[in-house]
There are 2 protein chains.
Amino acid sequence: MAVVGEKVAELVGMLPMFTGTLLEGIEIRTPIKLSISEEKTLMFLYKHEGKSMTAYSKKVGLTRGSFTAVADRLEDKGLIERTSVCDDRRKNALILTKEGKSIAKIIDRCFKQHIASKVELLDAEDLKSLKNALETIVSTIDKLK
Amino acid sequence: MAVVGEKVAELVGMLPMFTGTLLEGIEIRTPIKLSISEEKTLMFLYKHEGKSMTAYSKKVGLTRGSFTAVADRLEDKGLIERTSVCDDRRKNALILTKEGKSIAKIIDRCFKQHIASKVELLDAEDLKSLKNALETIVSTIDKLK
DNA sequence: TTATTATAATTTGAATTCTAACATTTAGAA
DNA sequence: TTCTAAATGTTAGAATTCAAATTATAATAA
């Protein structure tokens with residue numbers, strides 16, 4: 001079924017536009033000025049603290065080298081800390097500081113509110129099928145690993 | 001149904017990881033070295049030539065300012081041309097050169113083959129529901145405009 | 001007509017990200 | 001043990017992208 005695969009490829013190419021449309025016009029006001037990668041990092045940390053640099057770099061979509069700079073900046077701003085993981089001295093586990101947690105909370109709420117307000121324009125049926133579609137896709141991620 | 005909206009927001013946040021997983025390990029070998037934005041631009045041009053700079057910048061996910069640089073580089077490499085649209089002298093319509101078209105074809109094929117080979121790991125049923133889910137999402141894009 | 005506002009693309013310097021090389025540590029094989 | 005290969009994170013310089021101001025054109029109102 002290579003035909004289906006190619007169709008999937010075509011659709012995947014359009015996903016960034018989808019998220020772009022959803023995020024259009026979002027405005028996240030934080031006490032400290034942050035780049036998008038910094039905001040994303042805080043959001044992921046807010047959900048799952050204590051993972052490695054490499055893990056977060058993948059979630060944010062940066063190379064390890066670039067993510068080092070992001071972590072440096074967040075640490076300089078006092079929002080995260082690198083903690084050592086004893087059983088593997090190569091790894092750094094990242095955690096939020098108190099202020100980092102408070103700002104991450106703000107970002108998380110803004111993000112959710114913005115998207116919720118966008119999809120409110122859909123009727124109930126479309127919204128439901130959108131949610132189902134997203135769940136299908138996300139659950140497919142795991143099967144590909 | 002703000003609850004559904006928030007759930008959607010959470011899932012949307014995971015989409016970049018999904019595309020990241022699908023594209024992991026992709027290797028596009030072209031006669032001329034290209035950046036990712038340049039490759040994306042050629043792919044979109046391959047599908048729809050003659051749109052404006054702003055239109056492509058949105059598809060690629062760059063600001064207009066950044067996209068000017070991408071178009072400059074592609075023009076310097078002889079892969080695209082800016083053509084004037086007579087009825088609006090502000091706009092530049094982009095078109096592929098002969099070589100640009102040939103390279104765009106390579107990129108398009110590599111992209112599709114790579115993703116097709118990835119999703120081959122899924123069984124027929126999962127593959128079908130993935131395709132349906134993607135179609136649902138893409139068709140939702142339009143309704144939000 | 002003229003003035004005003006909006007749109008398309010460019011420019012510039014600053015900020016961010018990438019690529020490639022590196023040091024350190026771990027895991028596994030010989 | 002020792003060797004080799006792989007994984008983690010960092011570094012440095014090049015490449016890319018961003019934000020904001022600018023120019024030119026178009027659309028609209030006065």
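In what follows, every chain begins at residue 1, and chains take the letters A, B, ... in the order their sequences are listed.
Along DNA chain D, the stretch of nucleotides lying under 4.0 Å from any heavy atom of chain B spans, 5' to 3', D/dT16 to D/dA26.
Remark: side-chain polar atoms of A/Glu81 are not paired, donor with acceptor, to backbone N or O of A/Glu75 under 3.5 angstrom. A side-chain donor-acceptor contact under 3.5 Å links B/Lys77 to the backbone of B/Lys33. Formation of a donor-acceptor pair under 3.5 Å by the A/Ser84 side chain with backbone atoms of A/Cys86 is not found in this model. When atom types are taken as modelled, the side chain of B/Ser52 and the backbone of B/Ala55 share a donor-acceptor pair closer than 3.5 angstrom.
One axis for each end of the helix from C/dT1-D/dA30 to C/dA30-D/dT1, each built from five base pairs, and the angle between them comes to 30° at 10° resolution.
For the pair A/Ser37 and C/dT17, the criterion of a side-chain N or O lying under 4.0 Å from OP1 or OP2 is met.
For the segment residues 45-79 of chain B, residues with any heavy atom less than 4.0 angstrom from an atom of DNA chain D are, sorted by number, B/Leu62, B/Thr63, B/Ser66, B/Val70, B/Arg73. Remark: nothing in residues 25-35 of chain A comes within less than 4.0 Å of DNA chain D through any heavy atom.
Residues forming a side-chain hydrogen bond (donor to acceptor under 3.5 Å, both in side chains) with B/Asp126 (at least two apart in sequence, or on another chain): A/Lys143. Listed by chain and number, the residues in a side-chain hydrogen bond (donor to acceptor under 3.5 Å, both in side chains) with A/Lys105 amount to none (sequence neighbours excluded). For A/Glu39, there are no side-chain hydrogen bond (donor to acceptor under 3.5 Å, both in side chains) partners two or more places apart in sequence or in a different chain. Remark: B/Glu120 pairs with no residue by the side chain to side chain contact (heavy atoms under 4.5 Å, CB included) rule, at least two apart or across chains. Checked against side-chain hydrogen bond (donor to acceptor under 3.5 Å, both in side chains), B/Ser35 has the following partners two or more places apart in sequence or in another chain: B/Arg73. Considering only residues two or more places apart in sequence or on other chains, A/Asp108 meets the side chain to side chain contact (heavy atoms under 4.5 Å, CB included) condition with A/Met43, A/Tyr46, A/Lys47, A/Lys112.
Counting heavy-atom neighbours within 6.0 Å of B/Lys51 NZ, excluding the residue itself, gives a total of 12 or less.
Across the protein-nucleic acid pair, B/Arg90 atom CZ and C/dA9 atom P stand 9 Å apart, rounded to whole Å.
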Distance-only donor-acceptor hits, side chain of residues 12-29 of chain A, under 3.5 Å, sequence neighbours excluded:
from, atom 1, to, atom 2, distance (Å)
A/Thr19, OG1, A/Pro16, O, 2.9
A/Thr21, OG1, A/Met17, O, 3.0

Less than 3.5 Å apart, which donor and acceptor atoms pair up between the side chains of residues 57-72 of chain A and the rest of the protein, not counting sequence neighbours?
from, atom 1, to, atom 2, distance (Å)
A/Ser57, OG, A/Thr54, O, 2.7
A/Thr63, OG1, A/Ser66, N, 3.2
A/Thr63, OG1, A/Ser66, OG, 2.9
A/Thr68, OG1, A/Arg64, O, 3.3
A/Asp72, OD1, A/Arg82, NH1, 3.2
A/Asp72, OD1, A/Arg82, NH2, 2.9

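Comparing A/Ile36 and A/Lys91 against DNA chain D, the residue whose closest nucleotide sits nearer the 5' end is A/Lys91.
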